[in-house]
2 protein chains.
Amino acid sequence: MPMFVNSIVLKKFRNYETLDLGFSSGINVIVGPNGSGKTNILEAVSVAANIRSFRGAADADMVKWGEESYFCRLTLSGSAFKELEIGYSSVPGTTRKKAKVDGCEIHRASDYFGRLLTVIYSPGDTLIISGSPEVRRRFFDAIIARVDREYLPLIGEFKKILASRNRLLKALLEKRTRVSELDVWDEMLATSSSGIVNKRMDFLESFTPSFIGAYQRIAKQDGVPVLRYHGTLGEGSVYEIREKISASRRRDIAAGMTTAGPHRDDYVLYHENGRPFSSCSSQGQKRTASIALKNAERLFIEKATGERVVLMVDDVFSELDPERRENIVDSLQGDNQVIFTMVNTGSIDLANFCGARIFNVGSRGIIS
Amino acid sequence: MPMFVNSIVLKKFRNYETLDLGFSSGINVIVGPNGSGKTNILEAVSVAANIRSFRGAADADMVKWGEESYFCRLTLSGSAFKELEIGYSSVPGTTRKKAKVDGCEIHRASDYFGRLLTVIYSPGDTLIISGSPEVRRRFFDAIIARVDREYLPLIGEFKKILASRNRLLKALLEKRTRVSELDVWDEMLATSSSGIVNKRMDFLESFTPSFIGAYQRIAKQDGVPVLRYHGTLGEGSVYEIREKISASRRRDIAAGMTTAGPHRDDYVLYHENGRPFSSCSSQGQKRTASIALKNAERLFIEKATGERVVLMVDDVFSELDPERRENIVDSLQGDNQVIFTMVNTGSIDLANFCGARIFNVGSRGIIS
């Protein structure tokens, strides 16, 4: 039996004074008007799974208005452990956050992560397509880090090299040192960059077929999308990267910082005809692509871990046409537990969800 | 009779080889699946009204795939002129863009702007709430500029002063000049900043009631939102601003740039209880706030110009609950011409739209 969230208990979290919900192991649908607190439930699950909010919210913002602490407990089935708890409290002078597994406090975040695997489909996901390169790097870096334990240390090392080289470039701008000082840093930058770019390119090669499959399952008529890595230092070999670093040295010195490298690279999505999605696609196509990226992410994590991911789908259907909606619901169906939120059940054919558990949230956050 | 768009003719624009549509002076609804080209029609109207795409697209991206030029003609009623045309062509070596009013070419953009007033409600508008301060400054600056002819020159002057002061700060960082050189620039910066901040604060005072009214008309249960100006140099008086500039001088010199001023100020939206919308509101509440901002913008422009604005509503309903949808449709009703796009008419009660003209777009962009 795949892992799933059996129940959630919330105290003083967002708009909930208390909440105690039992989930179905299959499809769950949370229905309610805007601002009633549907997404807050998904956020609580994500906090319990990943310590942090998927919306990037500060803990203080998740505490119910006028209170000083929040608490969130998940009970699980199909896993080696039964209970995840996150508690946060902030009174003037002391702020505490505790994470517990089966009642035992966990002191290192890395011992907590990865116990409950979640993927969240949320309205802001289209920014992966149309937002800044940083948004895309963050999205892909997070997936690579989940399936390759060497990747995060490599990124950490690169950041240190980059910071040192940038300090040196700033000193050069102010004529406080000599250009030859750069040599050793350029070499380290080349080796480190090549390591990262190679991992990214390898990853993209295995990720792309899953992504294309996921996209075409939703909208075959759109053609085959192309996902490409744009390396500001070329695309992989240390030799090429070394050449490009030395070619951009003058520009780097003039700018007082490293102008090219993995920290400036981008992943770009194109239509079959070669036009970029960011400027040549409709809102619905961007939505389709972002859902396909998430579907591919989920397949990737499941393959790497051998575990099932809990899927949380935060009202991403609304701007899609009926055919795409159908196809997405189909592509989410499986053994996975899924928690949907929607403003009304009319946006989806509930007949598809045999045995789904429906939760109605009132305008004051009361659940029936 | 208020101004309205009678018909639109497109050639080689986005997915349209040719398109010739006659609009109703009241409600128009463009219905079709994702990627069929609904938004492209609104984009064409916005290009003809404002020379530029409301999506920020490059002209080359608006040319139909494989072609070299696009053309867009609007015929209008209820106005002193009858026809607006925009043509763009790009062959290797020459790129041309022409704007014509009643067949006569217009050479200065400022002679073209403002002839057809439009407000576009689009899915990306929630970024006005949750995006960077720059997005908000751009939104409000554009409205102020539309109703106050002194505002843009003031901003232009400020930018020059800022650039000069930044050059000086950079020279100071490199020890190429003396600190006393800053005095004259600080004084100019204070006067210019104060002028801008005062205009912004005055504007906000008259804008806020329209905004609150518009918000409450959509969602009374959310309470009274508060819109506040966050001035990095205080909020208006030259005296205070001068003090703050001199207090931040050391920081500015260390950073090599001007760290506070109207170019760093922000507008922040709060709930009645004081929590910011950006981190403490649902997607639906952000949507509601962004539509209310646009409604207030429209009222402002209509009051300032005595003209009616053509409203284009690009599928912003989908994530809203039925009550908010109803309320928005009510608040858009009036003498104005409205062009809606939606993936299916089910998202709105068409009975509200008596006499609406419905256009069905097929998956290949063919309109019936």
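Naming convention: chains lettered A, B, ... in sequence-line order (proteins, then strands); numbering from 1 in each chain. The analysis underlying the following values was restricted to heavy atoms, covering all of them including side chains, and did not include hydrogens, waters or symmetry mates.
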* To do: Determine yes or no for a side-chain-to-main-chain donor-acceptor pair under 3.5 angstrom, with Thr95(B) supplying the side chain and Ser90(B) the backbone.
  => no
* For chain B, the option from Asp61(A), Thr39(A), Asn273(A) that forms the most heavy-atom pairs under 4.5 Å -> Asn273(A)
* Looking at Gln283(B), Lys286(B), Glu174(B), which has the largest count of heavy-atom pairs under 4.5 Å with chain A? -> Gln283(B)
* Between Lys294(A) and Asp125(A), is there a salt bridge with N-O shorter than 4.0 Å? -> yes
* Selection from Cys280(B), Ala58(B), Ala57(B) maximising heavy-atom pairs under 4.5 Å formed with chain A -> Cys280(B)
* Given a strict heavy-atom distance threshold of 4.5 Å, which part of Arg14(A) is in contact with chain B: side chain, backbone, both, or neither? -> side chain
* So what's closer than 4.5 Å to chain A heavy atoms on Arg55(B): side chain, backbone, both or neither? -> side chain
* Crowding at NZ, Lys64(B) (>12 non-hydrogen neighbours, <6.0 Å) -> yes
* Asked: Within a radius of less than 6.0 Å around CZ of Arg137(B), do more than 12 heavy atoms belonging to other residues, nucleotides or ligands occur?
  -> yes
* Could you label the plane-to-plane angle of the Tyr70(A) and Tyr88(A) rings as parallel, tilted or perpendicular, counting under 30° as parallel and over 60° as perpendicular? => parallel
* Structure fact -> If one checks every heavy atom of Ser279(A) against chain B at 4.5 Å, the contacting part turns out to be both
* **Test: Arg275(B) cationic atom under 6.0 Å from Tyr270(B) six-membered ring centre, within 45° of axis** => no
* Part of Pro123(B) lying under 4.5 Å from any heavy atom of chain A -> side chain
